[in-house]
K.L.:
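Got a structure for you, questions after.
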Amino acid sequence: MEKAKISASQLFILMVLFELGSSLLVPLAMDAKQDAWLAILFGMIGSLVLFLIYHKLYFYYPNLLPTEYMQKILGKVMGTVLAFIYILYFIYDASRILRDFGEMLLTFAYPDTPLFIANALLILVIIYMVRKGIEVIVRSGEVLFILMYILAIIGFILIVSSGLIDFTNLQPVLEEGMLPVLKVVFTQTLYFPFAEAIVITMILPYLNNPKKAKVTMLCATGLSGINLVITMIINVSVLGVDLTARSQFPLLSTVQSIQVADFLERLDVFFMISLVIGIFFKVSVLFYAAVIGTANLFKIESPSRLSYPLGIAILFLSITIASNFQEHIHEGLKTAIFVLHIPLFVIIPLLLLLVAFLKNRKKKRG
């Protein structure tokens, strides 16, 4: 670990930026149709339980990275293997988010630019920031968080004033009952984007006041969840269920619809800035976690040395991860859930907590 400290407010901002990240971009929870916003809301509430599990593990080992306490809980060999699996996941997830960024940029702004060039430009900036350390990442987050919210408020006002919202698109609520919504919660929204923030456990040891960790994590998840619910309500109200589901990037399609007083239109490029900010920080956090995790696991004294090789690995993986955007989205929303998300976000943390609890109880008895 580098010798750095961050405040609870900085952690809060970083977590909100992470959870909003690419989830603002994609048609989230659209299998629930007009009840997508409900699926997001229940996913957020369910994820709070998972964050209590992650926090309890941090409570037992407040000064250790997860890559270290996994070895203490499971033993050297099993703990090392598991820690390495999580590092590989952080690299894989960072490459997925980078691919989202490249696809968005090519679709809306630079259709003739190769995907490799778009992704390479972003990863180079991220490599530079990750080399500077966690304090630089969170300070940048503080500045860009304000810009992102200013753009969000302006966008909301413009959408409302342009008269695009039609709340009848959200009806009937729970048309097919609660079951389809809960199915989407337990196969999608619980994990993406909320439980994905398990990566924040790699940053918790830098917190200058460990007592504030729990309330910070829960409040950040609450705010990002409410933001995503509002975004989905607006998307479905403006575009309708079918168009929202078919659109690659529903939020940008919604912003494209804005037309105020015959001169304020084509604002999607303007609002791409806020989406780029979210993606930038999501990739940065995953990348940073992979760097410090690898350095910790393999006892590398200077973690910044790893930023270039791991950055290049993320860049090439983002290009080769899928042959097209539809395949990329299907892999993220369907395949990854059962292969990666349920084991890494739910089953393994529960087992780790159970073993840690039993070990700590033995210590107290001894």
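Quantities reported herein were computed from a predicted structural model and do not represent experimental measurements.
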K.L.:
Quick one: list whatever passes salt bridge (charged side-chain N to carboxylate O under 4.0 Å, His left out) with Arg305, sequence neighbours left out.
P.N.:
none
K.L.:
Taking the six-membered ring for Trp, are Phe316 and Phe116 parallel (under 30°), tilted (30 to 60°) or perpendicular (over 60°)?
P.N.:
tilted
K.L.:
Quick one: side-chain contact (heavy atoms from CB on, under 4.5 Å) partners of Val77, sequence neighbours excluded?
P.N.:
none
K.L.:
In terms of ring plane angle, is the pair His341 and Tyr89 parallel, tilted or perpendicular, where the classes change at 30° and 60°?
P.N.:
perpendicular
K.L.:
Using a 4.5 Å cut-off on heavy atoms from C-beta on, say whether the side chain of Phe51 contacts that of Met15.
P.N.:
yes
K.L.:
Minimum heavy-atom separation for Gly21 and Lys282, please, with both atom names.
P.N.:
CA-CD, 4.1 Å
K.L.:
Please collect all salt bridge (Lys or Arg N to Asp or Glu O under 4.0 Å) contacts where either partner lies in residues 126-153, sequence neighbours excluded, each pair once.
P.N.:
Glu135-Arg139
K.L.:
May I have all residue pairs that pass side-chain hydrogen bond (donor to acceptor under 3.5 Å, both in side chains) and include part of residues 222-239, sequence neighbours excluded?
P.N.:
Glu19-Ser224, Tyr149-Asn227, Asn235-Thr254
K.L.:
With respect to Tyr69, which candidate in Phe59, Tyr61, Tyr86 satisfies the ring-ring contact (aromatic ring centres under 6.0 Å, His included) definition?
P.N.:
Tyr61
K.L.:
What residue among Ile126, Ile134, Ile127 forms side-chain contact (heavy atoms from CB on, under 4.5 Å) with Val130?
P.N.:
Ile126
K.L.:
What residue pairs, at least two apart or across chains, pass salt bridge (Lys or Arg N to Asp or Glu O under 4.0 Å) with a residue in residues 102-116?
P.N.:
Arg99-Glu103
K.L.:
Run the salt bridge (charged side-chain N to carboxylate O under 4.0 Å, His left out) test against Glu327 and tell me which residues pass, sequence neighbours left out.
P.N.:
none
K.L.:
Determine whether a donor-acceptor pair (N or O, by modelled atom type, separation under 3.5 Å) exists between the side chain of Thr189 and the backbone of Ala39.
P.N.:
yes
K.L.:
Which residues satisfy the side-chain contact (heavy atoms from CB on, under 4.5 Å) test with Gln71, sequence neighbours excluded?
P.N.:
Lys76, Thr80, Leu297
K.L.:
For a 4.5 angstrom cut-off between non-hydrogen side-chain atoms, does Met44 reach Leu228?
P.N.:
no
K.L.:
For Phe186, does the CZ atom have more than 12 heavy-atom neighbours from other residues, nucleotides or ligands under 6.0 Å away?
P.N.:
no
K.L.:
Between Ser257 (side chain) and Ser253 (backbone), is there a donor-acceptor pair under 3.5 Å?
P.N.:
yes
K.L.:
Does any pair with a residue in residues 351-360 pass salt bridge (Lys or Arg N to Asp or Glu O under 4.0 Å), and if so which ones, sequence neighbours excluded?
P.N.:
none
K.L.:
Evaluate the side-chain contact (heavy atoms from CB on, under 4.5 Å) criterion for residues Val283 and Ile123: first the C-alpha distance (whole Å), next the side-chain angles of each, then the deciding distance (0.1 Å), finally the verdict.
P.N.:
CA-CA 8 Å; Val283 178; Ile123 201 71; 4.3 Å; yes
K.L.:
Among all residues two or more places apart in sequence or in another chain, which pass the salt bridge (charged side-chain N to carboxylate O under 4.0 Å, His left out) test with Glu331?
P.N.:
Arg96
K.L.:
Please list, chain by chain and in numerical order, all residues satisfying side-chain contact (heavy atoms from CB on, under 4.5 Å) with Leu252, sequence neighbours excluded.
P.N.:
Leu25, Met104, Phe108, Phe249, Asp268, Met272, Leu275
K.L.:
Give every residue pair that meets the side-chain hydrogen bond (donor to acceptor under 3.5 Å, both in side chains) criterion with at least one member in residues 34-57, sequence neighbours excluded.
P.N.:
Gln34-Glu175
K.L.:
Please answer: with hydrophobic residues joined when any side-chain heavy atoms are less than 4.5 Å apart, are Leu174 and Val185 in the same cluster?
P.N.:
yes
K.L.:
Sequence neighbours excluded, which residues qualify as side-chain contact (heavy atoms from CB on, under 4.5 Å) partners of Thr294?
P.N.:
Ile87, Phe298, Leu306, Leu310
